[in-house]
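One structure is given below, encoded as structure tokens.
In what follows, every chain begins at residue 1, and chains take the letters A, B, ... in the order their sequences are listed.
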There are 2 protein chains.
Amino acid sequence: MNSKGYLKHIAYDSVVFGFSGEKLKILIMKYHNTGLFALPGGFVKYDEDLNDAVRRGLKERTGLDNIYLEQFYAFGSVARYKPEIMETIMKANNQSLEGYSWLLDRFISVAYYALINYEDVVPTPDALSDSCDWYALDELPNLMLDHADIVAKALQTLRDNLERKLVGMNLLPTLFTMKELQKVYEAILGEKLHRGTFQRKILSLGILKRHEKQYSGAAHKAPFLYSFEQK
Amino acid sequence: MNSKGYLKHIAYDSVVFGFSGEKLKILIMKYHNTGLFALPGGFVKYDEDLNDAVRRGLKERTGLDNIYLEQFYAFGSVARYKPEIMETIMKANNQSLEGYSWLLDRFISVAYYALINYEDVVPTPDALSDSCDWYALDELPNLMLDHADIVAKALQTLRDNLERKLVGMNLLPTLFTMKELQKVYEAILGEKLHRGTFQRKILSLGILKRHEKQYSGAAHKAPFLYSFEQK
DNA sequence: TTAATATTGTCGCAAATTGAGACAATAAGT
DNA sequence: ACTTATTGTCTCAATTTGCGACAATATTAA
């Protein structure tokens, strides 16, 4: 334990997925005066569950409780140990290293991904960072350390879990159209899906509840709205 | 860092699967004079990759290099912090706590599963343990801490990965029959599979190489032997 | 009012995959 | 030769999937 009550050598990083403009986006932080971009992360308090630490951090960054959260890998190579980077961040913030030398030590980072409804979130920077903003997956800035690897592995895991864990609906508002859901699946998988087949498949799962139609004002048939039926 | 050069608060545990007698088995250690059973685990050196630490430990426990290894979860609840258990183990070994107080601290454990050829292994205890032996999954002793949860999650992950990662053949010798491979799949999935369907499916993957027949001396047609075709 | 247009819900059909049994072809033992 | 257990493969039905088609809207334009 150190003076701040955090476990040494252990950090977490989170890949927070949202869906907007037909694209998958993630939250990226930018540190003051450094040009460094990073995933939102944090540390684990001495008397706190690892999972709770991540939820606490996500709550601060997004304002949301009860997020869909999945742990997917612990990154533990020696190559990711670059104390000079953390030193740069601290110095750029005029932060004394006094009492914070533990931050310059080696960390193993447990990575999580979260799925949230884009509209519900107000991204919030922390004390060390300028900004916390959404970036589309294909327009990410250069990320520090191995954070690009973490994002890649998060996306891969999300794809693998797509059908198995019925993950799609966590990225949408309570009510959504079939087309919107299909766009989410396409963004995650990175490929077009056949409309008829997709609709049939999803409906056959029996997990959607159909609501009244949505009149968009556009010159065509109005689609039904659906919600995710809780078991 | 501590006097032994290990990272504080970080451990790993491994679920080492082998296949014998038509059953899945795993390696379990028993600590001297305590009646405590545990998964093989260990710690990470200060200048060592997490994955390398696990391979090092597995090499000591099984004698094998180049093991099929998969990380599946980091267990980090506060509930698993029970210093009195580690103290019991140390005392039962007349080990002084001098310089080892870090062992009584809280640990987050990164769990891995390994798949190995049962016949290739001579289970080897370490300094603190009586024995390191195979136990069938349905005949496990009571495991300490949350190790039973770790085993359950390992099995679940193995099942989920079964087709996706073509995992079955790592549990068999180089040459094996189709029936043996089917038994492995059945043991992992916990259900019977249809013989014809299984054979057709596996062969259609195009990853098996067929060799000469195996004459078992039994009163029936001899099966072909197969090996896993490396890409 | 009627026609044009874009999009939706659903259906039909062919292709592919899966589940389950059947049958001929063995290796021994009797 | 006859019996028995097991293997490799096949067939056929049932199910799932890929893909296009069609009727049913909601709105705008004529």
Side-chain angles (χ1 to χ4, degrees), chain A residues 19 21-22 159-160 162-166 168-169 172-173 175-229, chain B residues 19 21-22 159-169 172-173 175-229:
Chain A
F19 181 75
E22 305 207 349
R159 281 180 185 163
D160 292 345
L162 186 55
E163 309 103 86
R164 199 149 49 76
K165 304 208 170 172
L166 300 174
M169 28 285 289
L172 290 170
L175 291 175
F176 51 87
T177 66
M178 190 59 72
K179 177 160 212 161
E180 289 168 335
L181 185 59
Q182 184 177 341
K183 291 289 182 189
V184 169
Y185 273 71
E186 289 177 345
I188 293 175
L189 294 174
E191 62 185 351
K192 292 275 174 211
L193 300 176
H194 185 276
R195 193 175 59 87
T197 308
F198 179 78
Q199 178 133 333
R200 177 180 48 189
K201 182 64 184 262
I202 294 289
L203 289 179
S204 77
L205 297 176
I207 52 169
L208 289 190
K209 185 171 176 191
R210 180 176 279 185
H211 298 265
E212 75 286 1
K213 293 193 171 187
Q214 181 187 55
Y215 291 85
S216 62
H220 55 76
K221 190 171 175 178
F224 287 110
L225 287 171
Y226 294 90
S227 66
F228 180 37
E229 178 115 42
Chain B
F19 181 75
E22 304 205 350
R159 280 179 186 165
D160 292 344
N161 289 345
L162 186 55
E163 309 104 86
R164 202 149 49 73
K165 306 207 172 176
L166 301 173
V167 128
M169 28 283 292
L172 291 170
L175 291 176
F176 50 86
T177 66
M178 189 60 71
K179 175 161 214 160
E180 288 169 335
L181 185 59
Q182 184 177 342
K183 291 290 182 188
V184 168
Y185 272 72
E186 290 177 345
I188 292 175
L189 293 173
E191 62 184 352
K192 290 274 175 214
L193 301 176
H194 184 276
R195 192 174 61 86
T197 308
F198 178 79
Q199 177 134 338
R200 176 179 49 190
K201 181 65 183 256
I202 294 288
L203 288 180
S204 78
L205 297 176
I207 51 168
L208 290 191
K209 185 171 175 190
R210 182 176 278 186
H211 298 262
E212 74 285 4
K213 293 193 169 187
Q214 181 186 56
Y215 293 85
S216 62
H220 55 75
K221 191 172 175 177
F224 287 110
L225 287 171
Y226 294 91
S227 67
F228 180 37
E229 179 113 43

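Residues that satisfy the side-chain contact (heavy atoms from CB on, under 4.5 Å) test with K165(B), not counting sequence neighbours, are Y68(B), E70(B), N161(B), V167(B).
The C1' atoms of five pairs define one axis at each end of the helix from dT1(C)-dA30(D) to dT30(C)-dA1(D), and these two axes lie 20° apart (to 10°).
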Residues 182-191 of chain A, side-chain donor-acceptor partners within the protein, below 3.5 Å, at least two apart:
| unit_1 | atom_1 | unit_2 | atom_2 | d |
| --- | --- | --- | --- | --- |
| Q182(A) | NE2 | E186(A) | OE2 | 3.1 |
| Q182(A) | NE2 | L193(A) | O | 3.0 |
| E186(A) | OE2 | L193(A) | N | 2.9 |

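Residues from residues 216-223 of chain B that place a heavy atom under 4.0 Å from any atom of DNA chain D, listed by number: A219(B), H220(B), K221(B), P223(B). Near DNA chain D, defined here as any heavy-atom distance below 4.0 Å, the residues from residues 184-198 of chain B are R195(B), listed numerically.
On a pure distance criterion of 3.5 Å, no polar donor-acceptor pair joins the side chain of R210(A) and the base of dG9(C).
Atom CD in E22(A) sits 6.0 Å away from atom CZ in F19(A) (nearest 0.5 Å). Atom-to-atom distance recorded for L181(B):CG and L208(B):CG is 6.5 Å, nearest 0.5 angstrom.
Think of the region where chain B sits on DNA chain D: with heavy atoms and a 4.0 Å cut, that region ends 5' and 3' at dT4(D) to dT11(D).
E163(B) approaches R159(B) most closely through the heavy-atom pair OE2-O, 4.1 Å. Of all heavy-atom pairs spanning H220(B) and S216(B), the tightest one is CE1-OG, 4.1 Å.
Considering only heavy atoms from C-beta on, F228(B) comes within 4.5 Å of I207(B) through its side chain. Here the side chains of L225(A) and K213(A) are not in contact, with every heavy-atom distance at 4.5 Å or above. At least one side-chain heavy atom of S227(A) sits less than 4.5 Å from a side-chain heavy atom of H211(A). Residues Q199(A) and K201(A) form no side-chain contact, since every pair of their non-hydrogen atoms from C-beta on lies 4.5 Å or further apart.
E180(A) contributes a side-chain N or O that, together with a main-chain N or O of T177(A), makes up a donor-acceptor pair within less than 3.5 Å.
One can place CD of Q199(A) at 11 Å from P of dC11(C), the figure rounded to the nearest angstrom. When the C1' atom of dT26(C) is taken as reference, atom CD of Q214(B) falls 15 Å away, rounded to whole Å. As a whole-Å value, the separation of R200(B) CZ from dA16(C) C1' is 11 Å.
Geometric assessment of R210(A) against the ring of F224(A) yields a positive cation-pi assignment under the 6.0 Å and 45° thresholds.
Taking only side-chain nitrogens and oxygens, K213(B) comes nearer than 4.0 Å to OP1 or OP2 of dA27(C).
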Full working for side chain to side chain contact (heavy atoms under 4.5 Å, CB included) between M178(B) and F198(B): CA-CA 9 Å; M178(B) 189 60 71; F198(B) 178 79; 4.0 Å; yes
